[in-house]
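A short write-up of the structure that comes next.
Remember, it's a predicted structure, so these values are computed and weren't measured experimentally.
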Amino acid sequence: MLKYFTIEPLLELKKYIRYFWVLEGTASATEPYFHRSMADGGAEFLFHYKGRFDEIFHDGSTGPSFQSGLHGPSTRFRRFTISENFGMIGAYVYPYALPAVLNMPVSVITDCMHELDLLLGSEGRVIAEKISLAKDNQSRVELLNDFFHRKLAGYADADPRIEASIRELIATKGQGQVDVLASKYFLSTRQFQRLFRNFSGFTPKQFTR
């Protein structure tokens with residue numbers, strides 16, 4: 001049995017967080033569950049609160065994924081498997097919010113998966129432990145809302161035109177054209193491409209693909 005659902009973040013966070021999501025299911029050694037993450041221009045903060053997935057590498061070998069961490073914007077898919085009952089919660093974050101949360105440019109974590117404590121130190125360990133010990137998913141969402149509210153309060157470094165274009169491309173599944181978007185937000189194509197890469201980690205063409 002598999003259960004997946006999304007939860008809206010606080011209204012003031014919707015500019016930065018598309019949604020929170022929960023994935024729960026049953027699995028066993030005889031009936032493992034397999035998951036495939038797709039290439040995505042967004043980033044996901046992930047927290048396993050029951051069980052932990054193993055990643056299946058391209059040579060067929062496997063290794064444990066992190067207990068809590070960040071799956072950065074990516075240009076390739078990854079495969080995972082688990083042989084026990086599992087539960088995890090995630091936050092789908094627009095890439096332009098990552099510099100405020102992590103204090104590093106988007107390009108550093110593009111196509112990477114990192115343990116949360118490596119990115120945020122003791123702050124990462126604390127939020128991961130609180131999520132793990134929370135009594136239910138509503139409590140976990142409250143913890144995540146509080147965490148991101150603190151990290152993003154007053155953040156205004158991103159260009160609102162690029163923020164809007166990134167949200168539009170995600171919502172329309174990459175159906176926008178670069179020159180049309182640049183014109184819509186009163187930018188030259190070259191300006192738009194440069195700013196877009198700074199705040200997303202990708203060129204507009206890579207992002208739409």
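In this structure the side chain of Met88 never reaches within 4.5 angstrom of the side chain of Val22, judged on heavy atoms. Looking at Asn145 and Ile17, their side chains never come closer than 4.5 Å, going by heavy atoms from C-beta outward. Side-chain contact check for Ser183 versus Val180: every heavy-atom pair is 4.5 Å or farther apart. Contact of the Ser68 side chain with the Glu115 side chain is not registered, since no non-hydrogen atoms from C-beta on lie closer than 4.5 Å. Side-chain contact between Arg78 and Met113: present, with at least one pair of heavy atoms (C-beta onward) separated by less than 4.5 Å.
Here the shortest heavy-atom pairing between Val106 and Pro95 reads CG2-O, 3.3 Å. Here the closest heavy-atom approach between residue Leu70 and residue Ala43 is recorded as CD1-CB, 4.0 Å. Of all non-hydrogen atoms in Pro73 and Ile109, the two that sit nearest each other are CD-CD1, 3.5 Å. Scanning both residues, Phe196 and Phe202, for their nearest heavy atoms gives CD2-O, 3.4 Å. When all heavy atoms of Val141 and Ile89 are compared, the pair lying nearest together is CG2-CD1, 4.0 Å. Contact record, Lys14 with Pro9: CG-CG, 3.8 Å, taken as the closest heavy-atom pair.
Salt-bridge annotation for Glu55 and Arg79: absent, with no side-chain N of the basic residue lying under 4.0 Å from a carboxylate O of the acidic one. Salt bridge status for Lys50 with Glu24: absent, with no side-chain N to carboxylate O gap under 4.0 Å.
Taking CG of Asp179 as the start and OG1 of Thr189 as the end, the distance is 6.0 Å to the nearest 0.5 Å. Atoms CD and OG, from Glu31 and Ser83 in turn, are 10.5 Å apart once rounded to the nearest 0.5 Å. In this structure, the separation between CG on Asn137 and NZ on Lys3 is 7.5 Å, given to the nearest 0.5 Å.
Side-chain polar atoms of Asp40 and Ser74 form no donor-acceptor pair below 3.5 angstrom. In this structure, a donor-acceptor pair under 3.5 Å is absent between the side chains of Asn198 and Tyr96.
A distance-only check finds no donor-acceptor pair linking the side chain of Ser132 to the backbone of Glu129 [under 3.5 Å]. With Asp117 contributing its side chain and Gly124 its backbone, the two residues share no donor-acceptor pair below 3.5 Å. Side chain of Gln206 to main chain of Thr75: no donor-acceptor pair is present (N/O by atom type, distance under 3.5 Å, no hydrogens or angles). Judged by distance alone, the side chain of His71 and the main-chain N or O of Glu44 form no donor-acceptor pair under 3.5 Å. A donor-acceptor pair under 3.5 Å is formed between the side chain of Thr208 and the backbone N or O of Lys205. Listed for the Thr172 side chain is a donor-acceptor partner under 3.5 Å among the backbone atoms of Glu168.
Under a cut-off of 6.0 angstrom, the local environment of NZ in Lys151 is crowded, with over 12 non-hydrogen atoms contributed by other residues, nucleotides or ligands. In the displayed structure, Arg150 atom CZ is contacted under 6.0 Å by more than 12 heavy atoms of other residues, nucleotides or ligands. With a 6.0 Å radius and a threshold of 12 heavy atoms from other residues, nucleotides or ligands, Asn103 has its CG atom at or below the threshold.
One hydrophobic cluster, built from ILVMFWY side chains closer than 4.5 Å, holds both Leu10 and Val93. Placement of Phe20 and Phe5 within a single hydrophobic cluster is found when ILVMFWY residues are connected by side-chain heavy-atom separations under 4.5 Å, directly or transitively. Cluster annotation: Leu118 and Leu46 are assigned to distinct hydrophobic clusters (Ile/Leu/Val/Met/Phe/Trp/Tyr, side-chain heavy-atom contacts under 4.5 Å, transitive). A chain of hydrophobic side-chain contacts below 4.5 Å, direct or via other Ile, Leu, Val, Met, Phe, Trp or Tyr residues, connects Met104 to Leu152. When hydrophobic clusters are built by joining Ile, Leu, Val, Met, Phe, Trp and Tyr residues whose side-chain heavy atoms come closer than 4.5 Å, directly or via intermediates, Ile82 is grouped together with Leu2.
Phe47 does not carry Arg140 over the face of its six-membered ring by the limits of under 6.0 Å from the centre and within 45° of the normal.
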Task: Step-by-step side chain to side chain contact (heavy atoms under 4.5 Å, CB included) determination, Leu98 to Phe45 - done: CA-CA 10 Å; Leu98 292 174; Phe45 287 85; 3.9 Å; yes
Task: Worked verdict on Glu123 versus Ile127 for side chain to side chain contact (heavy atoms under 4.5 Å, CB included) - done: CA-CA 6 Å; Glu123 187 179 29; Ile127 184 62; 5.7 Å; no
TODO: Check the pair Leu187 / Arg161 against side chain to side chain contact (heavy atoms under 4.5 Å, CB included), numbers first and verdict last.
DONE: CA-CA 9 Å; Leu187 293 165; Arg161 297 167 296 182; 3.1 Å; yes
TODO: Please report the C-alpha distance between Ile170 and Arg18 in whole Å, then the side-chain angles of each, then the deciding distance to 0.1 Å, and finally whether the side chain to side chain contact (heavy atoms under 4.5 Å, CB included) criterion is met.
DONE: CA-CA 10 Å; Ile170 290 176; Arg18 192 177 183 192; 3.1 Å; yes
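Aromatic rings of Phe148 and Tyr16 (six-membered ring for Trp) have centroids beyond the 6.0 Å cut-off, not under it. Ring centers of Phe66 and His114: at least 6.0 Å apart, outside the cut-off. Aromatic pair Phe192/Tyr185: ring centres not closer than 6.0 Å. Taking the ring centroids of Phe80 and Phe34, they lie at or beyond the 6.0 Å cut-off.
Under the 30°/60° scheme for interplanar angles, the aromatic rings of Phe53 and Tyr33 are found to stand perpendicular.
For Tyr19, the side-chain contact (heavy atoms from CB on, under 4.5 Å) criterion is met by Tyr4, Thr6, Trp21, Tyr92, not counting sequence neighbours.
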